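Structure first, then comments.
Everything numeric here is computed off the predicted structure, so don't read it as measured data.
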Amino acid sequence: MNRHVKPLLFFDERRFREDLNNCNPIPVFKNAIAAANSHFNARFHEGEQTANLIAERAGFMDLILRHAWAQFDWGKNICLIAVGGYGRGELHPQSDIDLMLLIRRGNPRRHQRSIEGFLTFLWDIQLKIGHSVRSLSECVAEARFDITIATNLMETRTIAGDEKLRLAMVKKTGPKRIWPDKQFFRAKWDEQIERHNKHGNTEYNLEPNIKEAPGGLRDIQMINWVAKRHFNVESLEELVGRDFLTPEEYLQLKRGEAFLWKVRYGLHLIAERPEERLQFDYQRKLAAMFGYHDSEERLGVEKFMQHYYQVVLSMRELNDVMLQYLDEAILRKDKAKNVYALNDRFQVRDNHIETLGEYIFAKYPSALLEIFCLLGENDKILGIRAATIRQIRQHRKLIGDDFRNEPQNKALFLRLLRCPHKMSTQLQRMTRYGILGRYLPEFGQIIGQTQHDLFHRYPVDAHTLQLIKNMRLFDRPEVAEEFPVAAHIYKNLPKPELGFIAGLYHDIAKGRGGDHSALGAMDAADFCRRHGLPSEEIKLIAWLVEHHLLMSNASQRTDISDPDVIYKFAKLVGNQLQLDYLFVLTVADITATNPTLWNAWKAALMHQLYSETKRALQRGLENPVDRSVWVDSNRLSAITQLAELGIDEESARAIWGNVDDEFFLRERADDIATYTAAIAAQGNSSDPVILIQDAGVEVPIATQIFIHTKGINNVFPTTAATLDHLQLNIQDARLHRDTEGHTFDTFYVLNENNEPFGQKTDMLIKIQRTLSETLKNPTPAMFNVNRRTPRHLKHFTMRTIASISNDIGKSATILEVITPDRPGLLAHLGRIFMQFRLRLLSAKIATLGERVEDVFSLVDMDYQPLSDAAFCEQLRDTICRELDARNKEDIEGAPLQKMKLWQ
């Protein structure tokens with residue numbers, strides 16, 4: 001019954017028996033197991049095929065268990081059976097050894113002492129076992145009501161005892177007794193659907209489960225279970241050439257399984273436990289273990305994960321084909337057929353499209369694209385029949401240069417992009433079946449390509465297709481409620497397919513080195529020329545690809561309340577048409593990069609940038625807004641509102657003092673009036689004025705915290721540290737100070753769920769009280785970082801990047817800091833600014849997955865930009881050195897550096 005092929009030459013069974021006769025058996029067993037583990041692991045590191053190792057490991061464990069079994073008195077009517085993966089003859093380093101003690105009848109009392117002693121012995125020799133004790137009747141009863149038990153009992157081997165018992169159990173739990181074909185297949189398919197849904201129904205999770213996720217080992221086992229039960233065979237190899245499985249498909253299946261086995265084996269060795277999830281730190285270690293090295297363009301771990309994703313994508317493709325075939329052969333075998341023709345090449349059978357002959361694609365290669373157009377033009381067609389999927393796979397090699405240059409095929413691809421129904425689904429099908437990557441070789445290069453970070457949730461190909469899907473969804477009423485501006489603009493685009501082409505190419509050049517936007521723009525222009533698009537459309541698409549990051553960067557990294565910033569952005573955009581396409585592309589891109597990135601705050605920034613740019617374009621680029629006019633207008637509007645509250649102009653101007661014009665440029669007039677009235681109401685008190693309310697016109701976008709202080713130093717780092725302790729995240733900080741040391745600071749914050757919280761009265765009272773106390777009486781303890789960095793952030797060790805430049809128009813120095821996201825980061829930076837005697841005018845905070853990209857506007861104590869090159873270099877070096885040291889301490893688990901404001 002042992003399925004391992006090679007004899008266990010490394011194990012001296014005769015010597016083992018002698019030691020058992022002469023020594024305490026427990027250390028003998030433990031030593032043998034430890035030696036075997038070392039032997040197998042050494043062979044793995046030497047490059048031995050994993051299939052051999054897991055089979056031999058199972059064979060070795062069979063011997064160990066037989067010898068352990070022989071230590072006890074059993075008698076008749078009982079046997080030890082291997083079940084589950086171990087029953088298949090597969091045993092990975094940390095996998096449980098699944099055992100069943102099978103007895104003939106329900107009362108195990110006569111074997112109770114031996115069973116208890118045997119199990120205790122296995123635990124004493126430190127075997128990780130999963131076990132059950134069942135009678136024949138219990139096996140049947142439990143398997144009848146539990147498909148998982150029924151499946152486990154399909155794959156069993158007798159290790160010791162009465163083999164006839166196991167054969168009787170197999171017969172009683174076979175398809176003729178319980179779970180006939182249709183029920184078994186339907187139950188296992190439903191089980192797979194539920195399992196896939198738990199993993200987001202995608203092969204492309206950031207930390208995928210190599211066993212349970214789509215395309216993983218369980219999908220391969222699913223094919224085995226259903227096919228073997230339906231065809232009554234011992235292995236899939238017996239089905240090769242019998243219409244179910246071609247030799248090429250069987251080879252692909254075994255290669256995929258071998259790769260996943262290798263990954264799982266290595267993962268078990270690294271984790272030292274039965275880990276199935278490819279966590280980020282394990283990904284890097286496995287990449288190094290398997291010889292994937294960093295290059296100038298890409299990290300070794302990214303190369304490894306691309307290989308992994310390509311394998312699981314191919315395994316899911318095979319799973320699709322096999323299950324579709326079994327669905328037709330089992331579930332729909334005797335159902336009435338509803339068949340109607342579409343054209344001379346295709347017909348629809350039971351709502352699934354199929355070819356009208358085995359050699360349609362060989363005779364009409366263009367049909368390889370046409371079939372997806374037909375699917376996108378008829379929403380009643382649910383999918384492709386298994387035989388036709390197999391024909392697509394067999395003939396996709398016909399797609400080469402001649403195919404791509406054929407005018408009919410170019411027209412078909414453009415026709416596909418205009419399909420009214422589930423166009424993005426068709427692109428996903430084309431990717432899965434190997435068509436899209438062949439028709440667009442540049443797209444084929446990014447299939448499964450990853451970026452090893454938390455910002456980019458999906459590989460490049462999945463992200464690209466999700467972007468196109470998101471654009472299409474803007475047409476749906478329920479999506480329009482969430483994205484009203486994007487939906488309105490999308491519905492008025494003259495040719496949405498131009499946006500789809502830009503989306504298809506926006507990240508196409510990632511991983512090549514250089515500027516992927518510029519390289520992608522060249523690829524996009526080449527695609528457009530090949531497909532005969534007019535020159536104006538080519539120019540638009542290439543511009544969109546080259547500038548697809550422009551709007552997100554401008555909205556999140558610049559001061560879009562400044563008319564000069566808007567003017568420069570409008571000048572880059574050029575015209576309303578490009579602005580409209582860019583807005584829709586940007587929103588679809590952000591939400592396809594990572595669903596958690598989009599929130600009301602980012603939506604408001606995008607909308608503001610779009611609206612202000614639209615006004616600038618309508619006004620004409622030759623008529624830019626004068627900053628001083630904007631400032632004066634806002635100031636006068638605030639004075640008017642204050643007069644209605646009984647505060648005259650003289651009093652208002654006295655409160656404002658000589659605060660900088662940026663205060664009136666960046667803040668809304670009604671907010672300025674509210675702040676001023678609160679300061680006036682306080683009179684001569686030196687206590688901070690703290691106002692907290694939600695910001696937003698129709699819906700809250702963030703919670704606004706205004707802080708006015710008199711003569712208090714270190715307001716920004718103290719506030720940043722306090723908000724960090726309260727688990728609040730600063731999105732934007734607008735900091736203003738007059739020469740008397742009075743601050744007029746506005747912070748826009750979100751809670752830990754990235755939501756505003758202005759309606760939670762108890763929370764507002766706590767924040768206001770805590771801020772007031774810490775601003776008046778700051779203590780060193782306030783700046784101790786207590787929050788630990790989440791596990792998934794610790795695995796990213798990028799070095800800090802800091803760049804310094806001067807903004808001549810604003811008479812300020814711009815500091816950009818890119819560093820891993822860590823608790824207390826802003827407070828730490830604030831301490832450094834204090835150390836260098838710098839004034840912080842504003843802070844734009846952008847958290848992108850595991851890293852932050854923050855932009856600070858700084859001046860010296862005399863409100864002048866930083867002009868000393870050596871001083872700037874010292875500042876930059878201090879930021880990088882301190883943040884990197886802090887990140888290193890965090891990763892290595894040492895106590896976090898305590899930030900001292902007083903020496």
Side-chain angles (χ1 to χ4, degrees), residues 1-3 58 61-62 65-66 69 72 74-91 96-112 114-116 118-119 129-192 218 221-239 244 326 329-331 333:
M1 293 303 297
N2 212 316
R3 296 186 184 182
M61 195 51 60
D62 291 354
L65 289 170
R66 288 193 192 103
W69 183 267
F72 301 88
W74 295 102
K76 298 180 179 179
N77 296 322
I78 188 169
C79 64
L80 179 67
I81 293 177
V83 297
Y86 180 44
R88 291 191 298 273
E90 303 165 10
L91 190 61
D96 285 351
I97 302 163
D98 292 324
L99 301 172
M100 182 171 70
L101 288 96
L102 180 63
I103 58 178
R104 188 169 296 279
R105 294 181 180 85
N107 189 349
R109 287 182 181 176
R110 63 175 299 187
H111 304 292
Q112 186 170 349
S114 294
I115 291 173
E116 291 176 352
F118 175 67
L119 294 177
I129 63 169
H131 74 279
S132 60
V133 181
R134 294 191 181 107
S135 67
L136 281 174
S137 59
E138 287 172 337
C139 285
V140 175
E142 293 186 37
R144 178 174 284 117
F145 294 104
D146 190 328
I147 188 66
T148 301
I149 293 176
T151 306
N152 278 338
L153 296 182
M154 286 173 55
E155 299 174 311
T156 58
R157 292 179 297 112
T158 301
I159 304 300
D162 189 352
E163 163 71 354
K164 293 179 181 178
L165 269 179
R166 187 190 73 86
L167 294 176
M169 180 272 297
V170 170
K171 184 177 181 180
K172 289 176 179 291
T173 58
K176 293 182 179 180
R177 301 289 185 91
I178 61 172
W179 294 105
D181 268 5
K182 287 186 178 181
Q183 292 181 16
F184 184 82
F185 177 57
R186 182 71 265 172
K188 296 305 291 184
W189 202 351
D190 288 342
E191 188 179 73
Q192 175 172 291
R218 193 66 84 198
Q221 293 162 6
M222 167 73 171
I223 296 171
N224 276 272
W225 291 329
V226 178
K228 289 195 297 189
R229 194 171 182 93
H230 175 67
F231 293 106
N232 193 27
V233 294
E234 286 293 318
S235 70
L236 279 181
E237 190 173 9
E238 299 176 50
L239 298 176
F244 176 69
L326 290 167
I330 299 174
L331 295 184
K333 179 180 180 182

Is there a side-chain contact between [X] and [Y] (heavy atoms, below 4.5 Å)?
X: Met100; Y: Leu153; result: yes
X: Trp225; Y: Arg218; result: yes
X: Leu65; Y: Leu99; result: yes
X: Phe118; Y: His131; result: no

Got a donor-acceptor contact below 3.5 angstrom from the [X] side chain to the [Y] backbone?
X: Glu238; Y: Ser235; value: yes
X: Trp179; Y: Ala143; value: yes
X: Asp96; Y: Asp98; value: no
X: Arg157; Y: Tyr86; value: yes
X: Trp74; Y: Trp69; value: yes

Can you measure from [atom1] ([X]) to [atom2] ([Y]) and round to the nearest 0.5 angstrom?
X: Met61; Y: Leu91; atom1: CE; atom2: CG; value: 6.0 Å
X: Ile149; Y: Arg144; atom1: CD1; atom2: CZ; value: 12.5 Å
X: Arg166; Y: Leu102; atom1: CZ; atom2: CG; value: 10.0 Å
X: Ile103; Y: Asp162; atom1: CD1; atom2: CG; value: 12.5 Å

Shortest non-hydrogen contact from [X] to [Y]?
X: Leu101; Y: Ile115; result: CD2-CG1, 3.9 Å
X: Phe184; Y: Met154; result: CZ-SD, 3.5 Å
X: Arg66; Y: Ile159; result: NE-O, 2.8 Å
X: Ala227; Y: Leu239; result: CB-CD1, 3.8 Å
X: Ile330; Y: Lys182; result: O-CE, 3.2 Å
X: Gln192; Y: Met222; result: OE1-CG, 3.3 Å

Step-by-step side-chain contact (heavy atoms from CB on, under 4.5 Å) determination, Phe231 to Leu326: CA-CA 10 Å; Phe231 293 106; Leu326 290 167; 4.2 Å; yes

Test log, rule side-chain contact (heavy atoms from CB on, under 4.5 Å), inputs Val133 and His111: CA-CA 11 Å; Val133 181; His111 304 292; over 6 Å; no

Residue among Cys79, Ser135, Cys139 satisfying side chain to side chain contact (heavy atoms under 4.5 Å, CB included) with Leu165: Cys79

Qualifying residue, where the test is side chain to side chain donor-acceptor pair (under 3.5 Å) with Thr151 and the options are Lys188, Glu191, Gln221, Arg229: Lys188

